[in-house]
There are 2 protein chains.
Amino acid sequence: MIRQSTEIRQEQIKSAVLDIIFTDGLKNLSTRNLAKRIGMSEGAIFRHFTSKQEIILAIIKDVKREFIGSLRMIANSKKTPESRLKSLLCATVKYLTDNKGITMLLFSEATSNNDTILKASLQEIFNTQKKLVSKIILDGIASGQWDENIPVENIAMLYMGIPVSLNIELVLSYGEFHADNFCSKMMILMLKLLNK
Amino acid sequence: MIRQSTEIRQEQIKSAVLDIIFTDGLKNLSTRNLAKRIGMSEGAIFRHFTSKQEIILAIIKDVKREFIGSLRMIANSKKTPESRLKSLLCATVKYLTDNKGITMLLFSEATSNNDTILKASLQEIFNTQKKLVSKIILDGIASGQWDENIPVENIAMLYMGIPVSLNIELVLSYGEFHADNFCSKMMILMLKLLNK
DNA sequence: CATATAAGTAAGTATTTGCTTGCAAATATA
DNA sequence: TATATTTGCAAGCAAATACTTACTTATATG
């Protein structure tokens with residue numbers, strides 16, 4: 001195989017990991033399989049990552065930077081709480097449907113290994129989203145638009161159920177679940193909960 | 001080891017599977033590990049189940065009978081829709097917190113293997129719950145108590161997010177998540193969605 | 001009591017796993 | 001151009017995997 005820089009190979013490897021997980025399941029994510037899918041030797045993989053575990057951690061790092069990073073931007077923008085909440089929800093739905101392998105990776109790997117680092121990462125990703133939602137809701141209450149008596153924590157928890165159950169639908173329906181206007185529909189429900 | 005009937009051994013084995021998954025993760029669910037936890041030889045396991053896969057399927061069968069069965073009873077009872085919905089929700093929360101290993105098993109195993117039979121079983125479990133919720137909501141609308149303009153399907157989807165995100169909390173918090181009145185709190189939110 | 005069956009074990013099996021080794025060739029740097 | 005570093009590969013490693021085999025012992029049944 002033609003020589004490539006570590007940077008390029010690392011991206012290829014990470015991408016192949018997600019591909020394999022989505023098409024064949026986590027159990028078939030062996031370094032042998034991974035090498036075959038890319039078309040390189042198994043040994044070459046270990047030139048670019050020191051271990052299989054390190055590949056997973058690199059992917060999670062990407063998620064934190066790309067996905068959680070963009071959610072933070074949305075939550076902290078200058079728009080109205082309602083607009084921010086909708087953007088947050090729709091961005092989440094889009095990310096999940098566009099990156100189906102990632103969530104399968106996160107959940108399966110975290111629960112498969114009972115790995116402390118992985119679990120902590122997943123917890124951070126989960127909790128950050130919840131905090132961003134809580135913050136937006138509190139802003140909406142402070143601005144007088146939303147009901148001040150609503151239990152913010154509980155609504156944030158209920159909110160988190162949206163991406164999570166979407167995930168399950170995606171996994172179970174072999175990616176065929178088509179979420180037309182899914183985020184708009186869910187947003188209508190959220191507003192009914194939040195309004196006075 | 002003292003001799004026991006297949007019936008007793010099968011229960012022991014299934015129970016040990018859930019125990020291992022919850023404490024050590026799915027990856028450590030080997031037949032070797034399983035035998036060690038029960039205190040029997042590895043070969044003996046294969047006296048009572050023909051394969052490891054068959055153990056998983058037996059557990060899923062249990063879930064369908066015990067858990068889904070009881071939810072059906074609740075949904076079809078003579079009580080008011082509100083009372084039935086609350087019972088359904090609380091029974092689900094209780095089952096999940098009491099059987100933490102089961103949901104980890106279902107999701108991890110289904111996504112790990114990309115196994116058709118497992119996925120179909122999980123899908124059935126998921127969809128049955130959604131249908132029961134939809135049915136109760138429709139009853140509540142028919143009785144005039146709940147808003148006839150609510151999007152039943154979407155609310156059922158949002159409802160499913162409750163047990164699912166509870167699951168994630170349980171997995172990530174190493175079982176320490178304490179859900180005091182969790183179902184009551186969520187029920188309050190559901191009612192705000194359903195009421196006129 | 002005799003015998004068939006069910007439940008147990010220790011020690012295998014072949015296969016798969018993550019990862020290493022020894023060496024070749026491409027590329028960067030002096 | 002000479003040398004050092006990086007990227008590649010084929011082959012091999014020990015450990016783990018699900019499951020089998022050959023044989024023993026307990027229990028139920030005629």
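Letters A, B, ... mirror the listed sequences (proteins, then strands); counts begin at 1.
- A:V164 and B:I168 make their closest contact through CG1-CD1, 3.3 Å (heavy atoms, listed as atom of the first residue, atom of the second, distance).
- Side-chain atoms of A:M1 lie closest to D:dC9 of the nucleotides C:dA10, D:dA18, D:dC9.
- With rounding to whole Å, B:I8 atom CD1 is found 15 Å from C:dG8 atom C1'.
- Remark: B:E169 engages A:K130 in a salt bridge, criterion side-chain N to carboxylate O under 4.0 Å.
- The side chain of B:A44 lies closest to C:dG8 when the candidates are C:dA7, D:dG12, C:dG8.
- With rounding to whole Å, A:I45 atom CD1 is found 16 Å from D:dA11 atom C1'.
- Distance B:I13 CD1 to C:dA7 C1': 11 Å, rounded to the nearest Å.
- The phosphate of D:dT6 (OP1 or OP2) has no side-chain N or O of A:H48 nearer than 4.0 angstrom.
- For C:dG18, one of the phosphate oxygens OP1 or OP2 lies less than 4.0 angstrom from a side-chain nitrogen or oxygen of A:T31.
- Summarising the geometry, the separation between CG on A:L34 and C1' on C:dT16 is reported as 15 Å, rounded to the nearest angstrom.
- In this structure, B:I20 places its CD1 atom 10 Å from P of D:dA18, rounding to the nearest Å.
- D:dA15 atom C1' lies 15 Å from atom NZ of A:K52, rounded to whole Å.
- Side-chain atoms of A:R47 come within donor-acceptor range of the base of D:dG8, with a qualifying N/O pair under 3.5 Å.
- Donor-acceptor pairing under 3.5 Å, judged by distance alone, is absent between the side chain of A:E42 and the base of D:dC9.
- If you take NZ of B:K36 and P of D:dA18, they are 13 Å apart, rounded to a whole angstrom.
- Using a 4.0 Å cut-off, no side-chain N or O of A:S5 falls inside it from OP1 or OP2 of D:dT7.
- Across all strands shown, A:I2 has heavy atoms under 4.0 Å from sugar-phosphate atoms exclusively, and none from any base.
- For B:K27 and B:Q4, each mapped to the nucleotide of DNA chain C holding its nearest heavy atom, the one lying further toward the 5' end belongs to B:Q4.
- Using a distance-only test at 3.5 Å, with no hydrogens or angles considered, no donor-acceptor pair links the side chain of B:N33 to the main chain of B:L29.
- More than 12 heavy atoms of other residues, nucleotides or ligands sit less than 6.0 Å from atom CD of A:Q145.
- Taking each heavy atom of A:K64 and A:E124 in turn, the nearest pair found is NZ-OE1, 3.1 Å.
- As a whole-Å value, the separation of B:F49 CZ from C:dA7 P is 12 Å.
- Within the structure, every side-chain polar atom (N or O) of A:R32 is placed at least 4.0 Å from both OP1 and OP2 of C:dC19.
- Both A:T6 and B:S30 sit near DNA chain D, but only A:T6 has its closest nucleotide nearer the 5' end.
- There is a side-chain donor-acceptor pair under 3.5 Å between B:T23 and B:R37.
- Contacts of A:L29 with the nucleic acid, taken as non-hydrogen atoms under 4.0 Å apart, involve only primed sugar atoms and P, OP1 or OP2.
- You'll find a donor-acceptor pair under 3.5 Å spanning the side chain of B:R3 and the base of C:dA6, going by distance alone.
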